[in-house]
Each structure stands twice: as C-alpha cells, then as structure tokens.
Amino acid sequence: MAKHIDVLLLVNAMMGQLISGVATRIFIVSLPTIAAALNADILSVSWALISYQLAGICLSVVFGRLGDIHGRYPIYGAGFVIMTITSFLCGVAPSVGWLIVFRLVQGIGAAMIASAARVLAMEAMPEGAEGRANGFMTMSFHGGLLLGPPLGGLVIDLLNWRWIFFLLVPFGVAGIVLTAMRARRRRVAPSGRPPAVDYVGATLLVVLTMALTLVVDRRSAEAIGVGQTGVMIVVFALTLAGFLVHERRAVNPVVNLALFRIRMFVFSVLSLLVFAITSSVLTFLLPFYLQDVLHHSPSFIGLLFLSAPVLTISLAALAGLLTDRIGPMIPASIGLSVIMVGFAIGVVLKVDSHWSLPALLLACTGIGQGFFNTPNQTAIIGSVPREYRGFATGLVQMIFGVGSLLGISLGGALLTVMFRHYSGIPDATPSADAPGPFVAAMSTTYAVCLVVMTVALIASLMRGGRRIEAAAMR
C-alpha cells in the first residue's frame, strides 16, 4: 500500500466515477427528443436505457473478479476505450435499433469502469484512508449525476441530441490517457501464473442476474416476451441452485461463498440492499405528488431534486474522514436514521401540504446518503481480502441496480394495492385525478418503507468493528 497519495491514480479513478454518473443521467433527459428524431415511440427508445442498465447489473461482478485475477488496469482501461468508441457510435446511430445495440455495449464498458474505480481509489490512498478514498468516489459519481441532466438539456437546446453522446468522448479519452500513464508507472514483472477464471460460474452468474432482473422488472420481461412471472421465477431458482452447487466445487469461484461469513461484509451488503430498494421508491413516487397533486412546474421540481445530490456531495468527504477515524458503523447508521426521518415526513404529506415539506424530505435523503454511502461501501470493499476487492466493488454496483428495479416494482405494487383500498374501487389504477386516495396510498407506501428501513439500520448497527480490516480467508 502507498504511504502517500497517488494523485494520478486517484484522479483517474475519480474520472471513471464522473463519466459513469454523467452517462447514467445525461441520456434520460433526451429520451423524448431522440424518439422524435429517430421516428420511434418512447417505449422503443427506453430500451436504449434498459440495455445499458442490464449490462451494468449483469456484468459488474464478473468484471470485478476478472480484475482481481488479471489486474485492474486492463479491465479499467478497456472500459474507457469501449465507452469512448460507443459514445461516438451512439451519436451517429442511424436508427433506434442501432442505438440500443450501441448503448448495450456502452453499458458493458461502464460495468468495466465501475468494477475497478473504487478499488483503484483505495489503492491510491495511504493505509487507513479507505474512507476518504470512497468519499472522493461518492463525490465524483454524484457530481456526474448532478451534472448530467442540466448538461444534457443545455446540449439539446444549443446543438442536438447527438452531441450528448459526442460530449462523453473527451471524458473517455481523458480516462484512457490517465489509465495508460498510470499503468506504465505501475508496470511490474508477473509474479506467476494467475489462477484460472471460473468461466462456468461467470456465465451462470450472468444468467442468474438476468433472470432476477426480469423477475423484478416486468417492463423488461414483457418487452422480450417472457411476461409470465412464474416462468422467470423457476428459471431463477434453477439457475441459483446450479450456481451455488458449482461455486462450492470450483477451485477459484467467481463468488467465494466463504466471504459471506465475514460479519461486516454481510451486514453492510444487507444494509445496502434495503437502502437501494427504499430510496428508489422515494424517487419514483415523489415527482408524481409534486407535479400532479401540488401542481408545481417541472423546472421547480427539478430545483427541489437538486438538493439531495448537492448535500450528498457536500457530506461525502466528512463521512469518509469519520469512517477512517471511528469506523463505518456510526456514520452509516446516522445516515440511515436521517433517511428514516425523511420517510416519516413522507408519511404525513397531505393533499395541500406546502412544498417545503417534500423539500425537507429530499434534504433528509441527501444528508442520509452523504453519511451512509461512503462508510457502507468502504465497509463492503475493505472488509474482504484484498484479492476479492474487485468482486466486492462489482457487487455494490449490482445491488444498486437490482435494488432500484425491485424498489420501483414494489413501490408500484404497494401504491396500487393501497390506492384501491382507499378509493374503494377494486380494479382502479393509481392516479392523481383522485388526489385524496393517491396521497393516502403514497403515505402508506412510505410508512411501509420506513418500517423496512429499520432492517437496514439494525444491520448497520450489527456490522461490528470500529476499524475496517481485510479478512483473511481460511
């Protein structure tokens, strides 16, 4: 481990997080414009978003493990090359079909970058500064999320939609140059033959993750003709059984099941999963309340939603410093507690509530994420043996993706059930045209999330250990 900060490597890792955040959000604001320009409907264009997300969810763990085995620089650098080339190809895409294909490959590049960025940042910092390293990563990623939508809107207004992809090319080139410079300085003679890659396990993991995604994301399942949930559940269960049997027998498994005996790792993963599910419910429902019930303009709603990432960015470094000094348990638990306060505010929202209440809810979310993300991710990655840090980083990305899809599915289902209950109409679809039942259903959904969040808080408190130490495999 370095005794001093490796500035070049840290900047390189931050560049990866920044381009990941920008690429994630800059595309969303352009969906209607692209649909019109390519003579496609919004559902067709949405597949360009879905394919990008699916690639990241399914491949992050695999690329993380490949980085553990063969080195992170080849995976990380190749990710930047793919992102750069496909960003240009997306910009010149002649049809929506080609755009979907290019976005899928772009998602593969993004998964390669995400699987290595946080580990590289931790390697760039001195021993005992892993929290600060992850604080920089949180700042960079959320900075990209904050920059993406206004940058995309500005580019579309001044130029055209194709430039939102061309704009990513300089970011990618900068990442390629930084990775090449740092890899040249880092070059060492190979110490021996690397362990064999568990290709069967990697394939099963991709199939398993894809099946899980299609179970929780009904829109994607129906779009590819597997709308029957029972079929995908059976596929998921059989693949899971086969995967577990194979990984127990594999000499060098892609997922070492012994890692799940590490207390800090397991409880940190559980906290992250619950947080990802509940936070996606929040961001999914609140815009409908603000626009359709309180009748605020989209621009005003956009300003309100800026508060969360700004507060997250502002607090990430402090959370990292606290993690290095007192461990992850206290700052992460504080973050979860603040988010729970936000959900409690959501429970008391009314049809005629002042906009300051949802604004306070969003502020609590931003503060909570600022305190939670950095220590929790540091605990997940830092608690496993160093040779499994890429796997742990990829797992973080996969959990965020699956948790987000699961939260949207569960949030929609809960809202529908509660809306039918409060409206008294058995087959009603949730709509703000009936504001009373809609707000009551939304508040009840938030109350359920508040209860579920206690699981994340308990897990956070049970993770144990004031300091994060890499476990030794037995």
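The shortest side-chain heavy-atom distance between His296 and Gln291 does not fall under the 4.5 Å cut-off. Looking at Met137 and Met14, their side chains come closer than 4.5 Å, going by heavy atoms from C-beta outward. At least one side-chain heavy atom of Leu415 sits less than 4.5 Å from a side-chain heavy atom of Pro430. Asn373 places a side-chain heavy atom less than 4.5 Å from the side chain of Phe275. Counting only heavy atoms from C-beta outward, the side chains of Arg118 and Gln17 approach each other to under 4.5 Å. In this structure, the side chains of Leu286 and Tyr289 come closer than 4.5 Å at one or more pairs of heavy atoms. The shortest distance between side-chain heavy atoms of Pro375 and Leu322 does not fall below 4.5 Å. The side-chain heavy atoms of Ser383 and Leu259, taken from C-beta on, include no pair separated by under 4.5 Å.
Remark: side-chain polar atoms of Thr312 are paired, donor with acceptor, to backbone N or O of Ala308 under 3.5 angstrom. The backbone N or O of Ala48 lies less than 3.5 Å from a partner atom in the side chain of Ser51, making a donor-acceptor pair. Checked by atom type and distance alone, the side chain of Thr378 never pairs as donor or acceptor with a backbone atom of Asn134 at under 3.5 Å. Under the 3.5 Å distance criterion, the side-chain polar atoms of Ser280 are matched with a main-chain donor or acceptor of Ile277. Put simply, the side chain of Thr454 never gets that close to the backbone of Leu450: no donor and acceptor are under 3.5 Å apart. No donor-acceptor distance shorter than 3.5 angstrom exists from the side chain of Arg132 to the backbone of Ala319, with no hydrogens or angles considered. Under a 3.5 Å cut-off, the side chain of Asp68 and the backbone N or O of Gly390 do form a donor-acceptor pair. Between the side chain of Ser314 and the backbone N or O of Val310, at least one donor-acceptor pair lies under 3.5 Å. When atom types are taken as modelled, the side chain of Asp324 and the backbone of Gly131 share a donor-acceptor pair closer than 3.5 angstrom.
The environment of Phe288 atom CZ is sparse: at most 12 non-hydrogen atoms of other residues, nucleotides or ligands sit within 6.0 angstrom.
Nearest heavy atoms, Val61 versus Leu205: CG1-CD2, 3.4 Å. The two atoms that bring Ile381 and Ala392 nearest to each other are CA-CB, 3.9 Å, heavy atoms only. Taking both residues in full, the closest heavy atoms of Thr179 and Gly175 are given as OG1-O, 2.7 Å, listed atom of the first, atom of the second, then distance. Taking both residues in full, the closest heavy atoms of Leu120 and Ala13 are given as CB-CB, 4.3 Å, listed atom of the first, atom of the second, then distance. Here the closest heavy-atom approach between residue His354 and residue Pro358 is recorded as O-CD, 3.2 Å. Scanning both residues, Ile380 and Phe265, for their nearest heavy atoms gives O-CD1, 3.5 Å.
Looking only at atom types and distance, the side chain of Tyr422 has a donor-acceptor partner in the side chain of Thr444 under 3.5 Å away. Between Ser279 and Gln369, the side chains place no donor N or O within less than 3.5 Å of an acceptor N or O (distance only, hydrogens not considered). Between the side chains of Ser460 and Ser333, a donor-acceptor pair is found at a separation under 3.5 Å. Using a 3.5 Å distance cut-off with no hydrogens or angles, the side chains of Thr138 and Thr374 do pair a donor with an acceptor.
Within the cation-pi definition used here (under 6.0 Å to the ring centroid, within 45° of the axis), Arg463 does not qualify as a partner of Phe267.
The aromatic rings of Phe260 and Phe391 sit perpendicular to each other, their planes meeting at more than 60°, with 30° as the lower class boundary. Ring planes of Phe343 and Tyr446: perpendicular class, angle over 60° (limits at 30 and 60°).
Rounded to the nearest 0.5 Å, atoms OG (Ser20) and CE (Met112) are 12.5 Å apart. Taking CG from Leu360 and CD1 from Ile345, the interatomic distance works out to 3.5 Å, rounded to the nearest 0.5 Å. Atoms CZ and CD1, from Phe80 and Ile176 in turn, are 8.0 Å apart once rounded to the nearest 0.5 Å. With rounding to the nearest 0.5 angstrom, the CG atom of Leu315 is 15.0 Å from the CZ atom of Phe372. To the nearest 0.5 angstrom, Asn376 atom CG is 5.5 Å from Leu272 atom CG. The structure places CG of Leu273 at 12.5 Å from OG of Ser268, a figure rounded to the nearest 0.5 Å.
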Does the side chain to side chain contact (heavy atoms under 4.5 Å, CB included) test come out yes or no for Ser337 and Leu457, once each step is laid out? CA-CA 7 Å; Ser337 299; Leu457 181 59; 3.8 Å; yes

Give the intermediate values and the outcome of side chain to side chain contact (heavy atoms under 4.5 Å, CB included) for residues Phe400 and Gln377. CA-CA 11 Å; Phe400 263 122; Gln377 270 71 289; 3.7 Å; yes

Before you tell me yes or no, could you show the steps for Met442 and Phe419 under side chain to side chain contact (heavy atoms under 4.5 Å, CB included), namely the whole-Å CA-CA distance, both residues' side-chain angles and the distance that decides it to 0.1 Å? CA-CA 8 Å; Met442 183 188 72; Phe419 184 83; over 6 Å; no

Determine whether Arg72 and Glu123 satisfy the following criterion, salt bridge (Lys or Arg N to Asp or Glu O under 4.0 Å), listing intermediate values before the conclusion. CA-CA 11 Å; Arg72 311 193 200 288; Glu123 292 178 354; 3.4 Å; yes

Side chain to side chain contact (heavy atoms under 4.5 Å, CB included), that's the test. Do Leu357 and Lys350 meet it? Break it down for me. CA-CA 10 Å; Leu357 273 181; Lys350 306 296 182 185; over 6 Å; no

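Arg386 has a carboxylate O that lies under 4.0 Å from a charged side-chain N of Glu127, or vice versa, which qualifies the two as a salt bridge.
Not less than 6.0 angstrom separates the ring centroid of Phe165 from the ring centroid of Phe88.
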